[in-house]
Every structure is written in structure tokens, then in C-alpha cells.
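Take a look at the structure below.
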2 protein chains.
Amino acid sequence: MPAISKREQIVSEALKLFYQFGFTATGVDKIITEAKVSKKTLYNHFKSKDELVLATLRKRDELFRNNLMRETERLGDSPRAQLLALFDVVGDWFNEKTFSGCMFINAAAEFSDADNPSHIISAEHKRLVCEYIRGIASEAGASNPDELAKQINLLIEGAIVDAHVCGNKSAAERAKRMAKVFIDLALD
Amino acid sequence: MPAISKREQIVSEALKLFYQFGFTATGVDKIITEAKVSKKTLYNHFKSKDELVLATLRKRDELFRNNLMRETERLGDSPRAQLLALFDVVGDWFNEKTFSGCMFINAAAEFSDADNPSHIISAEHKRLVCEYIRGIASEAGASNPDELAKQINLLIEGAIVDAHVCGNKSAAERAKRMAKVFIDLALD
DNA sequence: CCCAAGATAAACAGATCGGTATACATTAAG
DNA sequence: CTTAATGTATACCGATCTGTTTATCTTGGG
């Protein structure tokens with residue numbers, strides 16, 4: 001058993017390629033070339049390209065939320081500070097040179113049907129992020145943690161779109177200023 | 001010259017197909033079949049599929065903004081009411097059964113490179129919508145019309161994402177409640 | 001050493017991709 | 001009527017798509 005399994009190699013490269021070039025536009029031949037595995041190996045691990053897309057989205061969700069939680073808790077020393085720190089974390093993300101929007105928004109764009117498994121996973125990712133925010137809002141003593149979380153989540157989504165479509169790297173700062181208003185309203 | 005030109009037929013069908021199934025996933029063969037034209041005719045009017053995509057996005061921008069402006073001005077009898085009516089217009093859009101998110105967010109997802117012509121058109125569309133909002137904010141007497149417009153625009157983007165990815169049809173209502181806070185702050 | 005598991009490269013299949021070419025039909029203007 | 005433009009259908013091109021097959025190589029455990 002190698003340190004990095006073939007399966008992980010494949011998912012790792014698929015992550016980069018799907019994110020940068022899109023799901024439909026990225027062929028399996030490109031993925032196996034970059035991952036340096038044979039086509040047989042890919043189809044040993046995944047029944048189809050669709051299955052690989054799902055596995056890739058699940059991995060992305062894991063990596064993204066782990067990073068979001070780690071960085072948010074590192075930058076914010078109180079629940080209130082953490083709610084604001086969320087915007088600093090996504091702001092840093094916008095400035096990464098590989099930033100290509102939110103992979104789950106992108107997936108929903110390509111797999112528009114709400115019943116599509118990739119679309120469902122994308123919705124689930126958004127739900128989990130929102131749930132994480134709700135937990136912090138609750139700790140912060142918000143009058144209505146669920147509502148505050150949904151407000152903050154909506155501001156983050158808007159900032160992501162502005163950053164990606166319009167290239168507005170300061171979108172997170174505006175969203176943060178807006179969030180502050182709702183946080184102040186919700187905390188006493 | 002027919003009442004509806006061949007070119008318009010092609011763009012009209014391309015609009016539906018690109019919007020529902022995505023740009024890369026929709027082949028020109030599918031478009032010509034639906035538009036009931038020959039492939040030669042398509043390539044007489046458009047040099048390439050890429051050119052057709054651009055023409056389709058330009059048409060979508062025209063239709064979308066015309067509808068947004070018409071409905072906003074119909075539903076709101078004052079600049080302040082119009083700023084709020086924006087959210088009613090997009091709320092109705094979310095509830096259309098053909099709703100598949102924002103075509104320009106979708107385009108940016110598939111054509112992630114900021115230099116891609118389709119991406120550039122998408123950014124331009126967002127800029128024009130924001131400019132329209134700024135005009136209303138200005139009429140309303142906002143202290144900083146540009147900032148208010150960008151705030152409202154960000155809320156709209158967030159609502160679109162929530163509506164499409166998570167299927168949250170009431171996203172526009174939350175965004176509207178949030179917008180009210182900033183409108184009240186900006187109009188002394 | 002031996003063997004099975006899992007890897008490899010490469011050919012192949014059948015469909016579809018964007019785009020071109022050919023040959024014929026329709027149509028409207030001079 | 002004639003002609004030029006524009007339409008049609010269809011065949012074709014080479015490339016690429018997802019997925020399968022074949023035949024060979026590597027490797028670790030008993």
C-alpha cells in the first residue's frame with residue numbers, strides 16, 4: 001500500500017482540473033494523464049466519471065469546511081469575532097491565484113437539475129456550512145441563531161459571486177461590513 | 001425576410017438549451033435540431049460555437065435587464081419602493097419552473113478564466129445591473145448611492161445562489177428584509 | 001520461489017464533438 | 001426568366017468523448 005493511494009491521486013488531480021476547467025469540459029483522459037495512472041485503474045476505483053465527480057465533490061467539501069473551521073477559529077478568539085473572521089477567511093480564498101469561485105456553485109451551474117446527485121451534494125455542502133455558522137451564532141448568544149446564520153451565509157454567497165464573476169477581490173470586506181450590522185442587531 | 005429570422009430562432013433555442021443544460025454539455029447538433037435549421041445556416045450566422053455563446057449571452061443580458069427594469073418600475077412607485085421591488089422581481093424569477101440560476105454565474109462557472117470573452121460579458125452584465133440599481137439609489141437620495149447599490153447587488157447575488165443551489169425559493173424574501181436595513185441606513 | 005492482486009500501456013468500441021463540403025431546393029429582385 | 005442569395009439535408013472530416021478489453025509488468029505475502 002503506497003503512502004498516497006492511487007485513488008487519492010486521482011481525486012486530487014480531478015479536484016484541480018474540475019475546479020479550473022469545469023466538470024463537463026474535463027475529460028477522463030486528461031485526469032489520468034495528470035494523475036499518472038492508467039484508465040483501467042481509474043475505472044477500478046470509480047464505476048463512471050459521474051462517480052468520480054461525486055467523490056471529488058465530497059473530498060472538496062471535507063477540505064473546504066475543515067479549512068474554514070480551522071482558520072475561523074484561529075482568527076477569532078470569541079464567537080462574535082469568529083462570525084466576522086469568516087469573511088477574512090473567504091477574503092483570503094478570493095485572493096488565491098487558483099480561485100475559480102465556489103466549486104459547488106459551479107457544480108450546480110453544470111448540473112442544474114435539482115435531482116442530480118452532484119447538485120444534491122452541493123446543496124448539502126451549503127447546508128453544512130450554514131449549520132457551522134449557526135453553531136457559532138448560537139454560542140455568541142444570538143437572539144435567533146438560525147436567522148443570523150442564514151443572513152451571514154447569504155452575504156458570503158453574494159461575496160463569492162462578486163469575487164468570481166466580477167473579479168472583485170474586496171467583496172469579502174463589503175460583506176463583512178454588512179454582516180457586522182446584523183451581528184450587532186442579533187447580539188442584544 | 002421572415003417575421004422571425006433564422007438567426008433569432010437559433011439564439012432563442014440556444015438560450016433555452018444553454019441555460020438548462022450548460023454551455024459545454026449542449027452540442028450544436030442539439031441546437032440545430034431544436035431550432036429546426038441546418039448546420040450550414042448556423043455556421044452562416046456564427047463563425048463558431050463560441051460566437052453563438054457570446055451572442056446568446058448578449059441576448060440574455062438584454063432580455064433580463066429589460067424585464068428587471070420594466071417589472072421593478074411597475075411594482076415600485078417611488079425610488080425607495082423600487083429598491084425593494086427588485087427583490088420581488090427576482091423572487092418571481094426563482095419561482096419560475098425553468099429557473100436554473102443566473103445564466104452569467106453559470107457562464108462564469110464554465111468559463112472560469114477571467115479573460116474568457118463569455119466571462120467578460122458576464123462581468124459586464126453584473127456591472128450593468130449594479131449601475132441600474134445605483135441610478136435608483138441616487139434618485140432615492142441615498143447618502144452613498146454607489147455603496148448602497150453594491151450592497152443590494154450583493155444581497156441579490158446571494159439570494160440567487162441560495163435559490164438555485166439549495167432550492168430555497170424564499171431566499172429573495174430574506175434578502176429583501178436585509179436590504180431594508182441598508183436602505184433605511186442610507187436614506188437618513 | 002510463487003502466485004495473485006493490482007498496476008501498466010495501448011488498442012479498441014461506438015458515440016458525439018465542432019466544423020466543412022456537396023448537391024439540391026426555395027425565393028425574391030432585377 | 002434569370003440569377004444570386006439563402007435555405008435545406010446529408011455525408012463527411014478528424015478529434016475527442018466515456019468506457020472496455022487485452023496482454024504484459026510489478027510487487028508483496030505466504
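Lettering follows sequence order; numbering is per chain, from 1.
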Measure from the side chain of Val28(B), starting at C-beta and using heavy atoms only, and say which of dT8(D), dG7(D), dG18(C) lies closest. dG18(C)
Just compare dA7(C), dT20(C), dC17(C) and give me whichever is closest to any side-chain atom of Tyr43(B). dT20(C)
Can you confirm whether Glu110(A) sits close enough to Ser118(A) that some side-chain heavy atom of one is under 4.5 Å from a side-chain heavy atom of the other? no
Verify the contact: side-chain N or O of [X] to OP1 or OP2 of [N], cut-off strictly under 4.0 Å; return yes or no.
X	N	result
Lys6(B)	dT8(D)	yes
Lys40(A)	dT8(C)	no
Thr41(B)	dT6(D)	no

Check every strand shown and say whether [X] touches a base, only sugar-phosphate, or nothing at a heavy-atom separation below 4.0 Å.
X	answer
Lys47(B)	nothing
Lys36(B)	sugar-phosphate
Thr24(A)	nothing

With distance as the sole criterion, is a donor-acceptor pair present between the side chains of Ser48(B) and Glu51(B) under 3.5 Å? no
Cation-pi geometry met for Arg60(B) and Tyr19(B) (6.0 Å, 45°): yes
How about Phe104(A) and His125(A): are their ring centres within less than 6.0 Å of each other? yes
Using atom [atom1] of [X] as one end and atom [atom2] of [N] as the other, report the distance to the nearest whole Å.
X	N	atom1	atom2	answer
His45(B)	dA5(D)	NE2	P	15 Å
Ile32(A)	dT18(D)	CD1	P	10 Å
Asn44(B)	dG7(D)	CG	C1'	9 Å

Donor-acceptor pair (no angle test) under 3.5 Å: Lys39(B) side chain, dG19(C) base: yes
